[in-house]
Amino acid sequence: MSSANATTNTKNKRHIQKLIVVALLAAAIIAFFAFDLSHYLSFSYLKENQLQFHEYYQANPITVSLTFFVLYIISVTLSIPGATLLTLIGGAIFGFFWGLVLISFASSIGATLAFLVSRFLLRDSVQDRFAKHLTRINSGIEKEGAFYLFTLRLVPAFPFFMINLLMALTTIKTSTFYWVSQLGMLAGTAVYVNAGTQLGQLQSASGILSLPLIISFTLLGIFPLIARKVLSVLKANRVYKGFKKPDKFDRNLVVIGAGAAGLVTSYIAAAVKAKVTLIEKHKMGGDCLNTGCIPSKALIRSAKFKSHVSRAKEFGFQTTDTHFDFKEIMQRIKRVISKVEPHDSVERYTGLGVECLQGEAKITSPFSIEVNGRTLTTKNIVIATGARPFVPPIEGIEEVGYLTSDSLWNIEILPKRFLILGGGPIGCELAQSFARLGSEVIQVDRNSRIMKREDPQVSEIVQARFRHEGIDLRLQHQPQRFAIIDDNKTLICSNKEGENVSIIFDELLIALGRKANVTGFGLANLDIPLTRQGTIEVNEYLQTKYPNIYACGDVAGPYQFTHTAAHQAWYASVNSLFRGFKAFKADYSVIPWATFTDPEVARAGLNELEAKEQNIACEVSQFEIDDLDRAIADEEAHGFIKVLTVPGKDKILGVTIVGEHAGDLIAEYVSAMRHGIGLNKILSTIHIYPTLAEANKYVAGQWKQAHQPKKILHWLKKFHQWRRS
Ligand SMILES: Cc1cc2nc3c(=O)[nH]c(=O)nc-3n(C[C@H](O)[C@H](O)[C@H](O)COP(=O)(O)OP(=O)(O)OC[C@H]3O[C@@H](n4cnc5c(N)ncnc54)[C@H](O)[C@@H]3O)c2cc1C
């Protein structure tokens, strides 16, 4: 027989065996329901026959025990609902100790048999089919399987039978499954058997108020909480193994990084009188103040002024002219930074009670940080080290040289042919600003549109404006390499037709996203896991693998905004300082953001694109801003407000605004969404005339119009006819 034939025979044999097992299982389950065996698994049945059971058990202890033991195993193997009830019944018949012994072994043996059946029937096909997705789970199970199963067993939140069936699909060993189940379920079983013993003694309604019964049921209720606490202590002990915890700590909290996230974290800690140290290796204020939001918004303002001047005729002026020195624009940006600087300064924070240290921090253990040769001990650490521009390893990039949002602010000469790689928010804001100041901007993106997270309609409006203002938009262009050709800095890209295109430029700006700062300060030594995006992995409380080490801001993601960094900082600070008493899950239910192009684009919640991707049904109400009096008066009559709502309900799912001051206008919707306010309430709010904010009300009006009570209006029409007659 050939080896191929042998394999086919083995497969067929296994297939038949599987069919037999399925048939036996099905027959057993059908028999259970057909003979109404569930009737015997009820507490009322036990109560009705309690005396007989008791007498029979006294007369035949071994037979009754054995029968119960076998029945218990069968019911668990078949995953028949009622294990909890059987446990209570076991307690009632056998008393605490003998009941616990019988049920502990029967439940573990039954669980292991159910596990084996599920493994025999399903594991191979599941592992084959989902091999790629299961690699990580399998390696996790190999390392942590026993502990993971133990946690599932100890906290009875996950259905018992599901654990049996699902764990069978992993690579956990049968022997490990058995002993961990036996150990993990012991405490829970004891609590239920104990409750059963009390129920067994319940003879009348007055018994319900007996102290032992109340204690037993209280135990039943609080057991999951106790189990969870025990688990978190066990987990904590595991991660801290090998580190010496100091007897006393110098500080309650050490914060690494003085950007938005670190500043707000330490501000809150100092406000609640904790001893907090903030360490910054570069400049207080981080990216937002020094190289991000503030300089970019200052540049946008100057560029906007220039664009208004060039639109002078629209405002009724015949001629206007601007002469400027780019250096002075850059100096203005520095002036703006220095005016904001005091808000984030060492002086201010020291005054608030934060100890500010200049230096590079290194985490040496979960309880100690090294800075400038000193070791600080601390009860908690918050990592707020931010992110940096991502520079792709494109051939020749170092040869031609490049700017990023870090280095851009030091240039003194306006780039002539300015190549900007990236069509995200930063690339777009800077492309338009430089184009307005007079650079010949070529913006390259590999996607078919800029601002790809927004609805296509948004991208189209911004793209049209960019092209109108002279930006050379090259979409679906994939950079291949940089080179200096005939003394010209050149980018060679492939376009959507697959042809090579050469773009000559004088300066290059890379705006292709930002990478979290996760190296150089001891994370690897502590084996702190990262996400696929390269940010630090945190739970909903912003804790890393070490419960006393938190991360927030750009380094933790998932958002990279100053306001989200500050929002997370509150959770990191409060959770780290008050852990054990109260912890809060970071709330990302309504996250707004804006891209400060002209027109501005602002969003909160879902857009149409995401609703479609996530299969969420929604209604769309849209108001065109070109109809708004104030926008017309301001020569800014363009853009729209789009509100997504739950079909037939006054519940807002998301808002997109495109237009002048979109980033300010959206605040009303952010509050509404945050506090569950609907469009009816926005419609009934007085908005000042004439303002751009009126558009918020008008879109609510459009929604209302679409939800007119047609029947009532029909009868009202008849009513008014009758009044006229
Ligand atoms: C051009 C540009 C424009 C932007 N515009 C906006 C905007 O309009 N609105 C908005 O919301 N967001 C904007 N952002 C994003 C915003 O700047 C960031 O989301 C925000 O700065 C994140 O704050 P953070 O505290 O997490 O990190 P950061 O501000 O990056 O701060 C991290 C700090 O940690 C320090 N640090 C790192 N490692 C160590 C160490 N080992 N020891 C000591 N110190 C260390 C760094 O020096 C840095 O100061 C913009 C970003 C850029 C680049």
Legend entry - Interatomic distance, Leu419 atom CG to Asp472 atom CG [nearest 0.5 angstrom]: 9.5 Å
Legend entry - Minimum side-chain heavy-atom gap Asn495-Gln476 below 4.5 Å: no
Inset, instruction - Give me the ring orientation class for Phe418 and Phe434: parallel if the planes are under 30° apart, tilted from 30 to 60°, perpendicular past 60°. - result: perpendicular
Inset, instruction - Please list, chain by chain and in numerical order, all residues satisfying salt bridge (charged side-chain N to carboxylate O under 4.0 Å, His left out) with Glu668, sequence neighbours excluded. - result: none
Inset, instruction - With rounding to the nearest 0.5 Å, note down the distance linking CD1 in Ile625 to CD1 in Ile632. - result: 11.5 Å
Inset, instruction - Please examine the side chains of Tyr588 and Tyr559, heavy atoms only from C-beta on, and report whether any two atoms are closer than 4.5 Å. - result: yes
Legend entry - Any side-chain heavy-atom pair of Gln463 and Arg467 under 4.5 Å: yes
Inset, instruction - For Thr265 and Ala261, indicate whether the former's side chain and the latter's backbone hold a donor-acceptor pair under 3.5 Å. - result: yes
Inset, instruction - First locate atom CD1 of Ile300, then atom OG of Ser307, and finally report the distance between them rounded to the nearest 0.5 Å. - result: 11.5 Å
Inset, instruction - Say whether, by atom type as modelled, one donor and one acceptor occur between the side chain of Arg417 and the main chain of Glu440 under 3.5 angstrom. - result: no
Legend entry - Interatomic spacing from CD in Gln560 to CD1 in Ile426 - rounded to 0.5 Å: 8.0 Å
Inset, instruction - Measure the spacing between NZ of Lys306 and OG of Ser310 and express it to the nearest 0.5 Å. - result: 6.0 Å
Inset, instruction - Measure up the Phe623 and Tyr698 rings against each other and bin them: parallel (under 30°), tilted (30 to 60°), perpendicular (over 60°). - result: tilted
Inset, instruction - Using modelled atom types only, decide if a donor and an acceptor are shared between the side chain of Ser266 and the backbone of Gly262 within a distance under 3.5 Å. - result: yes
Legend entry - NZ/NE/NH1/NH2 to OD/OE distance under 4.0 Å, Arg311 and Glu635: no
Inset, instruction - Measure the acute angle between the ring planes of Tyr571 and His567, then classify it against the limits of 30° and 60° as parallel, tilted or perpendicular. - result: perpendicular
Legend entry - Test item: Gln533 and Pro558 side chains (from C-beta on) under 4.5 Å apart, heavy atoms: no
Legend entry - Donor-acceptor under 3.5 Å (Asp486 side chain, Asn488 main chain): no
Inset, instruction - Can you measure from CG (Leu508) to CZ (Phe482) and round to the nearest 0.5 angstrom? - result: 4.5 Å
Inset, instruction - Taking Asp287 for its side chain and Thr291 for its backbone only, find out whether a donor-acceptor pair lies under 3.5 Å. - result: no
Inset, instruction - Kindly indicate whether the side chain of Tyr546, heavy atoms from C-beta on, has any atom under 4.5 Å from the side chain of Leu526. - result: yes
Inset, instruction - State plainly whether the residues Arg449 and Glu454 are in salt-bridge range, i.e. N to O under 4.0 Å. - result: no
Inset, instruction - Please determine if Arg603 and Glu610 form a salt bridge, counting it only when a charged side-chain N lies under 4.0 Å from a carboxylate O. - result: yes
Inset, instruction - Answer yes or no: is there a donor N or O on one side and an acceptor on the other, between the side chain of Lys489 and the main chain of Asp506, under 3.5 Å? - result: yes
Inset, instruction - Report the residues that fulfil side chain to side chain donor-acceptor pair (under 3.5 Å) with Asn575, sequence neighbours left out, ordered by chain and then residue number. - result: none
